[in-house]
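Here the structure is laid out as structure tokens; the discussion comes afterwards.
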There are 6 protein chains.
Amino acid sequence: MEQTTLERLRAAGTATLATQLFDRGLRSVVLDGVRPLGGAVSFAGPARTLRYVPAREDVSVHERISEPGYPQRAAVESIGPGEVLVIDARRDLRTATLGEIIVARLAARGAAAVVTDGAVRDAAGIAAQDLPVFAGSASPGIHLAFHHAADLDVVIGCGGVQVRPGDVLVGDADGVVCVPGGLVEEIAEPAAEQTRLEEFVHEQVRAGAPLVGTYPPSDEMREQYERWRNE
Amino acid sequence: MEQTTLERLRAAGTATLATQLFDRGLRSVVLDGVRPLGGAVSFAGPARTLRYVPAREDVSVHERISEPGYPQRAAVESIGPGEVLVIDARRDLRTATLGEIIVARLAARGAAAVVTDGAVRDAAGIAAQDLPVFAGSASPGIHLAFHHAADLDVVIGCGGVQVRPGDVLVGDADGVVCVPGGLVEEIAEPAAEQTRLEEFVHEQVRAGAPLVGTYPPSDEMREQYERWRNE
Amino acid sequence: MEQTTLERLRAAGTATLATQLFDRGLRSVVLDGVRPLGGAVSFAGPARTLRYVPAREDVSVHERISEPGYPQRAAVESIGPGEVLVIDARRDLRTATLGEIIVARLAARGAAAVVTDGAVRDAAGIAAQDLPVFAGSASPGIHLAFHHAADLDVVIGCGGVQVRPGDVLVGDADGVVCVPGGLVEEIAEPAAEQTRLEEFVHEQVRAGAPLVGTYPPSDEMREQYERWRNE
Amino acid sequence: MEQTTLERLRAAGTATLATQLFDRGLRSVVLDGVRPLGGAVSFAGPARTLRYVPAREDVSVHERISEPGYPQRAAVESIGPGEVLVIDARRDLRTATLGEIIVARLAARGAAAVVTDGAVRDAAGIAAQDLPVFAGSASPGIHLAFHHAADLDVVIGCGGVQVRPGDVLVGDADGVVCVPGGLVEEIAEPAAEQTRLEEFVHEQVRAGAPLVGTYPPSDEMREQYERWRNE
Amino acid sequence: MEQTTLERLRAAGTATLATQLFDRGLRSVVLDGVRPLGGAVSFAGPARTLRYVPAREDVSVHERISEPGYPQRAAVESIGPGEVLVIDARRDLRTATLGEIIVARLAARGAAAVVTDGAVRDAAGIAAQDLPVFAGSASPGIHLAFHHAADLDVVIGCGGVQVRPGDVLVGDADGVVCVPGGLVEEIAEPAAEQTRLEEFVHEQVRAGAPLVGTYPPSDEMREQYERWRNE
Amino acid sequence: MEQTTLERLRAAGTATLATQLFDRGLRSVVLDGVRPLGGAVSFAGPARTLRYVPAREDVSVHERISEPGYPQRAAVESIGPGEVLVIDARRDLRTATLGEIIVARLAARGAAAVVTDGAVRDAAGIAAQDLPVFAGSASPGIHLAFHHAADLDVVIGCGGVQVRPGDVLVGDADGVVCVPGGLVEEIAEPAAEQTRLEEFVHEQVRAGAPLVGTYPPSDEMREQYERWRNE
């Protein structure tokens with residue numbers, strides 16, 4: 001995946017990407033209930049998946065995190081530059097899925113972002129770091145209270161959306177969209193084009209144009225746009 | 001409806017109005033789960049209703065929004081100055097109900113506010129505009145992914161509250177209250193009076209007065225208030 | 001309960017306390033869905049409990065709050081310096097549980113904080129006060145619309161957690177943790193120690209250390225920490 | 001409370017009672033999500049309340065039920081003939097609130113019914129007994145896994161409805177209604193009358209009468225009813 | 001719409017129809033949470049829609065149902081033979097949407113079925129009638145406690161699915177499926193064919209055939225089926 | 001795992017097992033919202049896990065089930081005699097997870113039961129078969145509408161409970177309990193003993209014994225029980 005393609009997706013933004021995917025028959029691509037923590041920094045990157053299941057008192061004990069192979073730790077230590085760690089926490093917000101030390105380690109390894117449909121802890125500390133973190137909420141609990149890391153690099157659900165390893169996640173102030181790996185190249189250019197068109201449309205509407213004929217644009221409006229774009 | 005009456009309702013604020021309506025037997029007037037987006041700007045205005053139903057793949061397609069009569073577009077293009085667009089989105093937050101271009105058009109037409117129990121997209125762009133927007137959340141999806149505009153100017157539910165065309169919606173940092181059209185004139189003055197009284201009470205409490213005898217005020221405290229108000 | 005112990009708990013923070021309690025077999029100690037209103041000011045103090053039940057039209061009327069013995073008012077007027085008023089509102093956010101005048105009175109009486117799993121009204125006014133208020137949301141409704149104060153100083157549930165009179169509630173940006181009264185002394189020192197250790201670990205990770213061997217720390221890392229701490 | 005009054009309420013049935021209460025301004029009297037277990041046997045009797053809070057690992061241990069004063073056991077051993085044990089379990093269905101042995105003891109003591117907005121266990125055994133049991137579901141867990149009995153004979157919420165000691169609970173195939181103690185005498189006769197009227201109306205409608213003029217009955221239809229009733 | 005087409009849809013059953021619609025790109029056609037009351041009698045018929053909004057204390061009063069034009073009553077009195085009354089009750093189960101007298105009137109008018117995503121009251125009486133009634137639950141409350149009939153013959157949502165006047169609703173033990181009006185003719189024959197094929201497949205599997213090659217059938221298995229069908 | 005051990009667990013029943021596990025520190029072992037379909041037949045057997053994720057329109061297409069390796073089909077075709085197929089469907093009931101043909105195949109292969117926290121279709125046909133099926137509800141939709149089989153034989157969550165391959169699932173009229181593999185042998189005898197004791201206790205209570213001293217039994221009562229058991 002080329003960096004310029006990712007950059008185009010990031011620049012286009014989640015709303016535009018969701019529309020492009022909708023036009024290709026994909027309605028189930030917006031992660032529900034996943035919001036930016038602190039200042040919303042936009043990102044785009046390939047998904048590295050981590051799956052949690054409900055905790056159980058006999059196995060979900062503190063010693064677990066001392067095992068190097070414990071999937072939560074293994075995921076962090078195998079993340080590559082530009083990758084997005086995405087966690088399936090079954091939208092259970094009763095306890096955190098990770099905290100600031102793990103975020104610090106992900107930042108050190110060059111991760112592009114963290115996305116979880118669970119909560120995070122040390123929210124103030126995380127918000128003070130540069131790495132974009134998108135979560136369902138903040139909660140101070142240790143993840144093992146209600147979560148248990150099961151495996152990594154498998155297809156998961158996050159925010160009610162299927163996320164497959166290799167898909168590209170894109171996030172901004174509106175939330176997070178999952179772009180299926182096979183569609184990344186196909187929609188990068190149309191998305192950029194749609195962004196330009198909507199910038200033009202927005203300008204027209206602010207100047208008093210009615211929606212009809214402008215958004216979506218009529219043939220005439222589209223011609224005006226072409227001229228505007230070529231300038 | 002006179003502008004001064006609306007201004008009085010806006011100045012009284014939602015908490016005071018909810019209490020006034022409660023005292024007239026109305027408990028179901030506070031829109032649940034509808035929060036101000038960005039800086040909370042208060043507003044008051046008559047409701048223009050727009051109703052969404054769940055999307056269905058055969059009819060909820062992108063071409064829909066090219067039809068001038070499509071209710072989402074018709075609602076926007078028929079909104080009048082000072083009116084509040086209020087959307088029944090069944091509290092389904094999985095996708096947006098509108099975005100910044102539609103908000104820009106509503107602002108251009110002089111709308112007083114937008115209220116939706118669904119989500120909005122382009123949240124950053126919307127927050128940067130002056131029009132107050134109250135919603136359930138932000139989400140980047142196109143509304144047709146899970147919503148379909150059905151009709152306008154009918155009685156709807158929004159945030160679990162019945163809203164009838166002609167009712168007055170009032171919003172501020174606490175949320176949104178629906179004032180039934182027939183009660184608007186009746187409660188404007190009592191609401192303003194209650195606001196003044198609570199300002200006085202608040203001052204007393206900050207100065208160390210106990211709740212008993214102060215809030216609600218005893219006869220003696222009420223006399224003190226009368227004097228305070230007349231100054 | 002000594003003030004220094006409470007201060008140690010507050011300084012340790014909710015994430016650390018949740019971990020300490022987890023290590024003693026307590027998973028159900030983090031109040032779910034209770035978030036700081038406005039700027040998050042941390043606090044720690046013994047719980048004074050107030051219990052709400054659903055409102056019923058025949059008894060949940062405005063006159064109720066004129067009765068000095070009405071539990072909502074009695075709770076406020078009996079709160080002592082450093083105590084935390086904690087309200088069981090069944091996580092019902094459709095109306096408020098209290099507003100800014102009551103918060104002002106609690107502040108005047110020296111309360112340490114207010115915690116409710118319901119909503120609060122006058123959210124802007126509350127955020128402008130110094131008293132930390134943690135709630136499920138903001139809502140303008142009067143509490144009697146859907147709540148009814150039942151009694152005080154009984155064991156309650158708040159945010160899905162059992163809270164007993166005498167327990168210590170601690171809050172910060174991550175939310176609120178309930179420390180059972182009998183464990184307060186026991187965990188104060190280990191919590192402080194854990195905080196120091198994690199500060200060191202965080203520093204190591206920021207400097208590039210991998211999680212394995214650092215978090216949790218190996219024997220060697222622990223020795224380094226001892227040296228670091230002693231400096 | 002006279003037995004004949006209770007019998008009239010039981011015979012009138014929950015739908016009729018809910019309507020009578022609605023006509024007196026009471027909308028919040030139907031327990032939500034509480035269904036008859038096994039064959040629905042109707043009942044009416046005064047409420048004996050039992051309140052549960054969330055379990056906590058340090059106190060919600062098996063030894064609790066060996067204490068004679070533990071509220072779950074004390075409630076059962078103090079129930080009187082004709083009384084209804086009603087449990088506030090916060091609608092948490094993850095574990096049971098009681099099982100067949102406790103139901104057997106309640107039956108032996110002459111209880112009229114058990115109502116819980118939580119679950120029950122030994123559902124097959126309970127359904128085989130004669131005592132009417134209304135619950136949210138069945139679940140095999142011991143109550144201490146997620147519940148903890150807090151106290152008895154206090155005002156509670158059950159199925160989202162405020163239930164006060166002394167209120168009368170009435171149940172049948174439709175569910176359970178709470179009749180406030182002060183209204184029991186007042187509505188017994190109108191409820192019986194409404195039942196007779198609806199029996200007549202039902203007969204007319206089955207014979208082909210349209211709703212208009214029949215339900216609610218016109219003056220003419222009401223005269224026909226008077227004649228029918230007097231026969 | 002021909003009666004034989006409706007009969008074919010009914011005979012094919014909801015599972016088969018849901019699959020046929022899925023194969024045409026329609027995922028959102030199964031009404032969620034709508035279950036048969038009493039013995040499940042299957043049905044198929046065109047939808048007559050009735051829309052409820054949340055009740056409000058000032059307008060949702062008992063007098064409403066004395067108005068002939070009140071949509072709940074107007075809907076019942078305009079239903080035609082073979083039609084299905086379908087009610088959008090926003091899945092709010094706290095009170096009923098209708099009771100046995102209205103069901104009796106619908107039966108007298110020849111309705112094919114009643115479908116509501118709310119509750120019904122007089123559940124025992126309704127189950128004793130012949131008219132198939134599908135609902136979310138039973139509840140004894142009068143509909144005006146939390147519902148208010150708004151209008152009829154408009155596009156609605158029911159069980160999370162868009163239902164348009166003219167669509168065909170089909171129900172059986174599995175629940176209810178909405179067949180868009182424009183697809184009724186198109187899928188009747190393929191659905192009948194699929195039913196026959198699955199009957200054959202089921203027979204093979206019961207006789208020990210593995211799923212692979214049988215379900216879905218291989219070319220060879222399909223040939224066997226053709227022979228089986230022609231016998 | 002010996003068959004006699006499984007039989008002992010089945011005979012003890014889910015309520016007894018849940019108590020035994022609670023006494024060993026396990027609260028999170030009861031599958032929430034999973035109920036027997038049709039007549040409740042009890043079962044016990046080792047878990048074979050199947051995991052579903054949310055469907056996505058580009059990959060969750062009908063062709064999927066023609067692939068022999070598709071996990072839903074592979075799971076069925078690899079199930080062994082006495083094993084229990086348990087499906088993690090994220091408690092999403094909007095569509096089925098399987099239907100009667102798959103149940104027929106599982107029965108043919110000797111499976112002990114099917115457990116899913118999603119829905120099943122062909123509910124009437126399934127109820128007519130002998131294989132115990134426990135599910136969240138019935139729904140006619142094809143699983144691919146909202147589900148997608150991801151993998152098998154991994155640790156999953158089902159009904160909010162962690163289920164690991166090798167655990168033993170036990171079900172009866174109360175629901176389903178997960179017995180961790182490592183505890184199976186340990187609790188079989190105590191569970192059988194508890195069942196006998198509770199049979200005795202139940203008999204005492206039916207004969208008029210109070211709870212105190214009987215349930216839990218006093219030393220004296222325990223002696224009586226020993227004599228009763230030895231007869």
Side-chain angles (χ1 to χ4, degrees), chain B residues 12-36 39-42 134 136 159-161 170-179 194-195 197-219 221, chain C residues 37-38 54-57 60-70 72-79 92-96 98-110 119-131 135-148:
Chain B
T14 57
T16 296
L17 294 172
T19 301
Q20 288 292 325
L21 293 167
F22 177 82
D23 287 343
R24 285 161 180 79
L26 285 143
R27 290 165 191 262
S28 308
V29 290
V30 173
L31 280 60
D32 187 36
V34 174
R35 308 287 310 134
V41 181
S42 64
F134 288 67
V161 170
V170 183
D172 57 23
D174 279 347
V176 178
V177 167
C178 175
V179 181
Q194 182 190 331
T195 301
L197 173 59
E198 295 197 348
E199 197 186 322
F200 169 79
V201 165
H202 199 166
E203 209 170 85
Q204 303 303 310
V205 169
R206 272 193 305 253
L211 293 183
V212 179
T214 313
Y215 182 56
S218 61
D219 290 350
M221 188 60 79
Chain C
L37 206 80
R56 205 173 67 191
E57 291 86 351
S60 308
V61 293
H62 210 151
E63 291 69 42
R64 208 88 294 143
I65 61 169
S66 301
E67 303 167 0
Y70 182 61
Q72 189 208 43
R73 301 306 162 109
V76 172
E77 288 301 334
S78 70
I79 204 97
D92 187 336
L93 305 175
R94 290 175 299 164
T95 197
L98 47 68
E100 64 180 334
I101 294 177
I102 284 184
V103 169
R105 180 60 183 155
L106 288 164
R109 290 189 63 87
V120 295
R121 61 177 176 169
D122 313 315
I126 287 176
Q129 301 191 18
D130 283 338
L131 191 68
S137 188
S139 169
I142 180 172
H143 84 277
L144 288 160
F146 295 107
H147 294 301
H148 186 108

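Every chain is numbered from 1 and lettered A, B, ... according to where its sequence line falls, protein lines coming before strand lines.
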Donor-acceptor pair, side chain of C/Glu77 and main chain of B/Leu211, under 3.5 angstrom = yes

Any donor-acceptor N/O pair, B/Asp174 side chain to C/Arg121 backbone, under 3.5 Å | no

Shortest non-hydrogen pair, B/His202 vs C/Ala104, comes out as NE2-CB, 3.8 Å

With a 4.5 angstrom heavy-atom cut-off, could you sort out which part of B/Ala209 is near chain C: side chain, backbone, both or neither?
-> backbone

Let me see the working for B/Thr19 and C/His62 under side-chain contact (heavy atoms from CB on, under 4.5 Å), right down to the final yes or no.
-> CA-CA 9 Å; B/Thr19 301; C/His62 210 151; 3.6 Å; yes

Report the distance from atom CG of B/Asp32 to atom CZ of C/Phe146, rounding to the nearest 0.5 Å.
-> 8.5 Å

So which of C/Ile102, C/Val61, C/Asp122 has the biggest tally of heavy-atom pairs under 4.5 Å with chain B?
-> C/Asp122

May I ask you to name which of C/Leu144, C/Ile142, C/Val120, C/Ile101 has the most heavy-atom pairs under 4.5 Å with chain B?
-> C/Ile101

Could you tell me whether a side-chain N or O of C/Arg105 sits under 3.5 Å from a main-chain N or O of B/Gly208, the two making a donor and an acceptor?
-> yes

Which atoms of B/Phe22 come close to chain C, meaning under 4.5 Å heavy atom to heavy atom: side chain ones, backbone ones, both, or neither?
-> side chain

Is it the backbone or the side chain of C/Glu67 that comes under 4.5 Å from a heavy atom of chain B, or both, or neither?
-> neither

Using non-hydrogen atoms and a 4.5 Å limit, figure out which bit of C/Ser137 sits close to chain B: side chain, backbone, both or neither.
-> side chain

Given a strict heavy-atom distance threshold of 4.5 Å, which part of B/Val177 is in contact with chain C: side chain, backbone, both, or neither?
-> side chain

Go through the steps for C/Glu100 and B/Glu198 under the test side-chain contact (heavy atoms from CB on, under 4.5 Å), then give the verdict.
-> CA-CA 10 Å; C/Glu100 64 180 334; B/Glu198 295 197 348; over 6 Å; no

Polar side-chain atom of C/Arg109 near backbone of B/Pro210 as donor-acceptor pair, under 3.5 Å | no

Give, as side chain, backbone, both or neither, the part of C/Ala145 having an atom under 4.5 angstrom from any heavy atom of chain B.
-> both

Flag the one option from B/Gly175, B/Gly159, B/Pro216 with the top tally of heavy-atom pairs under 4.5 Å to chain C.
-> B/Pro216

Check whether C/Ala127 gets within reach of chain B through its side chain, its backbone, both or neither, counting any heavy atom under 4.5 Å.
-> neither

If one checks every heavy atom of C/Thr95 against chain B at 4.5 Å, the contacting part turns out to be neither

Heavy-atom closest contact (B/Thr14 atom, C/Pro140 atom, distance) = OG1-CB, 3.1 Å

